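A short worksheet on the structure shown next.
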Amino acid sequence: MNKNREVWVFIEQEAGQIAAVSLELLSKGRELAERLGSRVCALLCGHGIAHLAEEAIYHGADLVLLADHPDLALYRSLPYARVAIDLVQARRPYIFLLGATPNGRDLAPRVASAVRAGLTADCTDLQIGDFRQKGRVYSDLLYQIRPAFGGNVIATIVNPEMHPQLATVREGVMRLGAPDRTRRGEIETIEPQFDGRDLVLQIVKREMQPPCCNLTSASIIVAGGAGMGSKENFQLIHELAQTLGGEVGASRAAVDAGFIAAEHQVGQTGVTVRPRLYIACGISGTVQHRAGMDQSSKIIAINSDPAAPIFQIAHYKIVGDLNQVIPWMIRAYHENAK
Ligand code: FAD
């Protein structure tokens with residue numbers, strides 16, 4: 001095992017549960033580590049969270065660095081950054097993956113700048129490969145793959161020398177592997193060393209808003225775009241979603257037009273989804289929207305324009321006015337359900 005090429009994953013947790021994105025990154029980390037002949041190390045910070053270490057191992061970690069401390073009970077930039085930076089400086093991982101969540105987006109650049117490493121945000125794929133520059137070959141680098149220039153090109157970014165190779169990834173982008181409850185790993189307890197400056201910020205009050213929708217784990221999504229025409233008409237999307245027992249998605253144009261809240265946006269700057277069935281209504285299907293759709297879903301598209309790009313990826317293509325087609329679908333479903 002090549003311990004010089006460790007793949008680290010920052011484990012986010014809340015209310016006694018590991019965030020889905022961290023489990024997805026453990027699955028991806030496992031794949032990368034196997035390619036490198038190395039191991040996966042999970043960095044788990046918090047308080048009263050020791051029981052989550054086993055869960056990280058079941059999902060792919062070989063080693064869990066467990067920092068269980070009262071000052072880490074809730075995420076705060078400075079103490080969390082102190083733990084991560086001290087460990088990265090001492091142990092020099094090869095790759096460090098974090099979720100592109102508010103906390104991950106806060107922590108990753110702090111670590112990158114402290115250790116003078118590169119960071120690629122919002123990767124949509126991660127692979128291992130070689131890179132040649134000025135006659136020199138850098139083997140087994142992390143290919144950090146993501147859309148660039150408004151989604152018009154897919155860029156592969158490498159960081160040949162300033163390691164660790166840091167990347168953030170949004171929830172739903174990497175596949176979540178099934179936990180293997182027979183896996184065994186090592187748990188190493190870390191004693192964080194804080195100084196007064198790390199603890200200057202105190203959390204006085206915390207208010208949590210329950211999530212308005214759960215697009216990432218929905219098996220059916222009915223999504224509406226600018227073609228819905230108005231917020232009132234967008235009600236048709238809610239009705240169809242309710243009829244089918246699905247969640248409501250939207251294009252950015254629908255969100256920008258005020259038809260629905262931003263949490264419902266699917267795409268490059270929204271959520272990445274993997275339903276079994278995706279019904280796109282009045283959505284043209286630009287690359288930015290498609291970036292959030294999994295092509296293994298069955299896709300039904302309703303669009304009045306037969307040349308709409310969404311039809312290039314749709315399995316069932318309905319060319320027509322959604323104001324007629326959606327009520328027909330709802331009626332047909334009820335009639336067949338009788
Ligand atoms: P339009 O492109 O306007 O398409 C509306 C469609 O409705 C048309 O195809 C039309 O034929 C059809 N239509 C109209 N009336 C009817 C009717 N009565 N019946 C049937 N069909 C009808 N977009 C996203 O969705 N998600 C993102 O995350 C995202 N991120 C972006 C990031 C960047 C950096 C940039 C530059 C853009 C991003 N966009 C994103 C915006 C994206 O480029 C498109 O502007 C957007 O997806 C278009 O939304 P739409 O398909 O709903 O609207």
Side-chain angles (χ1 to χ4, degrees), residues 21 99-102 105 120-125 145-155 157 168-173 212-216 218 221-241 246-275 278-295 297 299-332:
V21 67
T101 60
R105 284 182 172 142
T120 304
D122 289 357
C123 292
T124 52
D125 196 7
I145 301 163
R146 56 153 296 156
F149 299 109
N152 293 315
V153 295
I154 298 293
I157 298 163
T168 66
V169 178
R170 283 189 295 141
E171 184 183 342
V173 171
C212 72
C213 52
N214 193 358
L215 284 174
T216 45
I221 294 177
V222 182
M228 296 308 300
S230 67
K231 187 172 182 176
E232 291 66 40
N233 216 32
F234 205 89
Q235 199 51 37
L236 279 174
I237 298 293
H238 292 281
E239 278 174 41
L240 182 56
E247 290 277 356
V248 173
S251 70
R252 184 154 120 183
V255 169
D256 290 348
F259 300 168
I260 190 157
E263 288 83 351
H264 294 265
Q265 183 182 315
V266 173
Q268 186 186 324
T269 44
V271 184
T272 301
V273 295
R274 291 184 196 285
Y278 191 88
I279 307 181
C281 311
I283 293 178
S284 59
T286 57
V287 278
Q288 293 89 0
H289 187 78
R290 281 150 57 168
M293 292 168 64
D294 191 84
Q295 311 277 312
S297 307
I299 299 167
I300 301 177
I302 307 168
N303 201 300
S304 52
D305 175 6
I310 192 78
F311 286 139
Q312 292 165 13
I313 56 161
H315 301 92
Y316 299 96
K317 307 164 191 193
I318 305 175
V319 179
D321 181 356
L322 54 84
N323 295 299
Q324 287 182 325
V325 177
I326 297 178
W328 282 341
M329 287 173 89
I330 295 172
R331 229 175 11 252

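Counting convention: from 1, in listed order, for ligands and their atoms alike. What you are looking at is a predicted structure, and each value in this text was computed from that prediction instead of being measured.
- The closest heavy-atom contact to atom 25 (O) of ligand 1, among the options Q324, M228, R252, comes from R252.
- Taking the side chain as every heavy atom from C-beta outward, I326 and E239 never approach each other to under 4.5 Å.
- Formation of a donor-acceptor pair under 3.5 Å by the H289 side chain with backbone atoms of G267 is not found in this model.
- Using a 4.5 Å cut-off on side-chain heavy atoms (C-beta onward), V173 and D122 make no contact.
- Considering only non-hydrogen atoms, atom 14 (C) of ligand 1 lies nearest to G227 out of G227, G292, P147.
- Distances from atom 18 (N) of ligand 1 to the protein include at least one heavy-atom value under 4.0 Å.
- Those atoms of ligand 1 that come under 4.0 Å of a heavy atom in A253, given as number and element, are 48 (C), 49 (O), 50 (P), 52 (O), 53 (O).
- Residue-to-ligand polar distances place A226 within reach of ligand 1: an N/O pair is separated by less than 3.5 Å.
- Here the side chain of S297 pairs a donor or acceptor atom with the backbone of P275 at under 3.5 angstrom.
- Between M329 and I279, some side-chain heavy-atom pair lies under the 4.5 Å cut-off.
- In terms of protein heavy atoms, atom 37 (C) of ligand 1 is closest to Q288 CG, 3.6 Å.
- By the 3.5 Å distance cut-off applied to N or O atoms, A254 is not counted among the residues near ligand 1.
- Applying the 4.0 Å criterion to heavy atoms of D321 picks out, from ligand 1, the atoms 17 (C), 18 (N), 19 (N).
- Rounded to the nearest 0.5 angstrom, L240 CG and I302 CD1 are separated by 7.0 Å.
- When atom types are taken as modelled, the side chain of H264 and the backbone of V248 share a donor-acceptor pair closer than 3.5 angstrom.
- Ranking the protein heavy atoms by distance from atom 34 (C) of ligand 1 puts G150 CA, 3.8 Å first.
- The closest approach between a heavy atom of V266 and any atom of ligand 1 is below 4.0 Å.
- The single protein non-hydrogen atom nearest to atom 27 (C) of ligand 1 is Q265 NE2, 3.1 Å, given as residue, atom name and distance.
- Summary of contacts: the protein heavy atom closest to atom 16 (C) of ligand 1 is S304 OG, 3.5 Å.
- Within the 4.0 Å heavy-atom cutoff, A291 does not count among the residues contacting ligand 1.
- Under a 3.5 Å cut-off, the side chain of R274 and the backbone N or O of G172 do form a donor-acceptor pair.
- Of the candidates S284, G229, A280, C281, it is S284 that places a heavy atom closest to atom 51 (O) of ligand 1.
- Within the listing of ligand 1, atoms 25 (O), 49 (O), 50 (P), 52 (O) sit less than 4.0 angstrom from a heavy atom of S251.
- The atoms of ligand 1 that sit less than 4.0 Å from any heavy atom of I283 are 51 (O).
- Less than 4.0 angstrom separates some heavy atom of G320 from each of these atoms of ligand 1: 19 (N), 20 (C).
- Comparing N303, V255, T286 by heavy-atom distance to atom 12 (C) of ligand 1, the nearest is N303.
- Close approach of ligand 1 to G267 (heavy-atom distance below 4.0 Å) involves ligand atoms 26 (N), 27 (C), 28 (O).
- Judged purely by distance below 3.5 Å, without hydrogens or angles, the side chains of T120 and R146 never pair a donor atom with an acceptor atom.
- Here SG of C213 is found 9.0 Å from CD1 of I221. Values are rounded to the nearest 0.5 Å.
- The CD1 atom of I318 sits 11.0 Å away from atom CG of N303, with the distance rounded to the nearest 0.5 Å.
- Near T269, the atoms of ligand 1 lying under 4.0 angstrom from a non-hydrogen atom of the residue are 27 (C), 28 (O), 29 (C), 30 (N), 31 (C), 32 (C).
- Comparing G282, G225, G224 against atom 5 (C) of ligand 1, the shortest heavy-atom distance belongs to G282.
- Taking the six-membered ring for Trp and thresholds of 30 and 60 degrees, F234 and F259 have ring planes inclined between 30 and 60 degrees apart.
- Of all heavy-atom pairs spanning V169 and V21, the tightest one is O-CG2, 3.4 Å.
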